[in-house]
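This report concerns only the one structure given below.
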Amino acid sequence: MNSKEDVWNAVLSLLGRSISAVAIDTWFRECKVSTVTDSCLYIDAPSEFIESVIVKRFSQNLADALHELFGEDYRYVISYDVEPEPIDPKVTPDEDGHTYSFKNFVVGPSNRFAYAASMAVAEEQTKNYNPLFIYGDSGLGKTHLLYAIKNELRRRHPTYSIALARGADFMNELVSAIQTGKNMEFREKYRKADVLLIDDIQIIAGKASTEEEVFQTFNTLHEAGKQIVFTSDRPPSEMTLLADRLKTRFESGLLADIQAPDFETRMAIVKNKGSQLGVAIPDDVARFIAEKMTSNVRQLEGAVKKIKAQQELDPNLDLSLSSIEDVLGPLFKGKGAFVPTSDDIIEETAKYFSVPVSELKGKSRTKNVTLARQVAMYLLRTLTSRTQQEIGEIFDRDHTTVISSLNKVVALLSQSPDFNRTLKDITANINSRGV
């Protein structure tokens with residue numbers, strides 16, 4: 001093997017024989033090898049939480065993979081080295097008084113592509129992702145990535161002119177500029193920027209004057225080779241009121257979608273947020289929250305914030321599961337509180353694809369049934385805490401078949417907006433059972 005990266009890639013490949021692709025993506029993918037010696041592999045973890053999970057849950061898997069790779073017992077040391085980034089005095093806290101960065105963004109299969117694309121833009125590794133268009137439902141991390149891009153670029157290039165606005169603010173600024181005769185000042189602010197970042201760009205659809213301003217600003221910056229990043233709650237193709245000339249421009253770069261986080265990523269988000277707030281969330285509590293809240297990241301973070309607030313009011317608060325159920329009870333009475341069963345998921349998936357449940361769980365290999373079965377497995381994995389082994393038992397298949405199905409669905413999600421809508425429709429049908 002020629003490099004540390006080669007060694008780590010080989011380790012990940014061998015780990016894939018004993019643990020799921022989802023687990024590898026969630027816990028191992030962001031780790032890096034710092035040193036390889038004759039007897040030990042030194043691994044850098046991206047966070048203290050990920051380090052602790054690997055040591056607690058996957059220590060033997062990692063030891064076995066290293067033994068197979070090197071042909072002998074081979075040690076490893078994994079550590080998280082707290083190395084704060086230099087703070088630029090021009091960088092101010094973002095939303096909620098919090099400075100978003102790539103380091104505090106929890107990466108999982110549902111957001112890995114958008115995360116990698118955002119990192120590439122922030123580190124200026126490519127000029128091909130222009131514009132970068134990140135889309136997904138509310139509360140999944142689009143704004144976090146947008147601010148992370150801004151903050152990383154500001155750290156690397158303190159003199160850059162970075163224009164960041166919400167779509168609604170851009171529109172309101174334009175209206176105010178027209179009313180006060182300050183059109184030139186408004187245009188200079190955005191058209192002379194080195195980087196343009198607009199959050200919730202979908203708000204401009206159907207607003208003729210704002211669309212025209214975005215169109216002209218886009219052309220000016222794009223022709224000058226300046227980076228543009230937009231976020232939206234839907235892909236350009238679904239913005240029915242948006243002018244075609246803007247749709248084609250939005251689609252001319254890279255489209256990156258973010259899906260709802262799967263169970264393991266939801267657990268990681270809960271633990272990570274707890275670590276940020278100085279609250280040691282026990283595993284059973286993190287599991288409880290991750291099982292109850294499946295819709296978005298803000299729900300998960302809101303639950304941890306409530307625990308933190310309750311702890312500040314009552315320093316003797318017991319963080320046992322029974323106590324936390326009482327603290328968080330009101331959060332689970334509203335929208336998103338429904339936790340679907342395996343039967344809910346399988347029945348709604350079968351109904352959507354117009355196949356009998358017996359065929360979905362049976363041996364049929366027709367194209368439609370196979371796709372329906374793969375989708376059902378994916379939804380069981382993302383909406384519940386069931387393991388690959390347990391899902392395989394439901395369908396009378398081994399866990400390798402389940403892993404293959406999950407990977408196929410993830411690939412389809414990254415390739416097809418239509419398939420994204422299919423997953424959203426089925427999920428909505430499942431959740432409607434709890435209404």
>> Within this structure, what is the CG-CD1 distance for the pair Leu132 and Ile134, rounded to the nearest 0.5 Å?
In response: 4.5 Å
>> As an exercise, state the distance from CZ of Phe102 to OG of Ser118, rounded to the nearest 0.5 Å.
In response: 5.5 Å
>> Holding to side-chain contact (heavy atoms from CB on, under 4.5 Å), I want the full list of residues that pass it with Glu301, two or more places apart in sequence or in another chain.
In response: Ile269, Lys273, Val297
>> To the nearest 0.5 Å, what is the distance between CZ on Phe263 and OG1 on Thr382?
In response: 11.5 Å
> If you look only at pairs with a residue in residues 387-411, which of them pass as a salt bridge (charged side-chain N to carboxylate O under 4.0 Å, His left out), with sequence neighbours excluded?
Replying inline: Lys363-Asp396
> Nearest heavy-atom pair of Val357 and Ala350: which atoms, and what distance?
Replying inline: CG2-CB, 3.9 Å
>> Parallel, tilted or perpendicular: which one describes the rings of Phe70 and Tyr74, with boundaries at 30° and 60°?
In response: parallel
>> Rounded at 0.5 Å granularity, tell me how far OH in Tyr190 sits from CG in Leu196.
In response: 8.0 Å
> Going by the ring-ring contact (aromatic ring centres under 6.0 Å, His included) test, which pairs reach into residues 406-430, not counting sequence neighbours?
Replying inline: none
> Which residue pairs pass the salt bridge (charged side-chain N to carboxylate O under 4.0 Å, His left out) test when at least one of the two sits in residues 134-147, sequence neighbours left out?
Replying inline: Asp137-Lys424
> What is the minimum heavy-atom distance between Ser20 and Ile403, and which atoms define it?
Replying inline: CA-CD1, 3.9 Å
>> Between Lys226 and Asp194, does any NZ, NE, NH1 or NH2 come within less than 4.0 Å of an OD or OE carboxylate oxygen?
In response: yes
>> Within 45 degrees of the ring normal and closer than 6.0 Å to the centroid, is that where the cationic atom of Arg245 sits relative to Phe215?
In response: yes
> According to the interplanar angle, ranging from 0 to 90°, do the rings of His144 and Phe105 count as parallel (below 30°), tilted (30 to 60°) or perpendicular (above 60°)?
Replying inline: perpendicular
> Who passes salt bridge (Lys or Arg N to Asp or Glu O under 4.0 Å) against Arg386, sequence neighbours left out?
Replying inline: none
> When rounded to the nearest 0.5 angstrom, what distance separates OG1 in Thr35 from CD1 in Ile43?
Replying inline: 11.0 Å
> Residues two or more places apart in sequence or in another chain: which of them pass salt bridge (Lys or Arg N to Asp or Glu O under 4.0 Å) with Glu124?
Replying inline: none
> For the atom pair OG (Ser138) and CG (Leu140), what is the distance rounded to the nearest 0.5 Å?
Replying inline: 7.5 Å
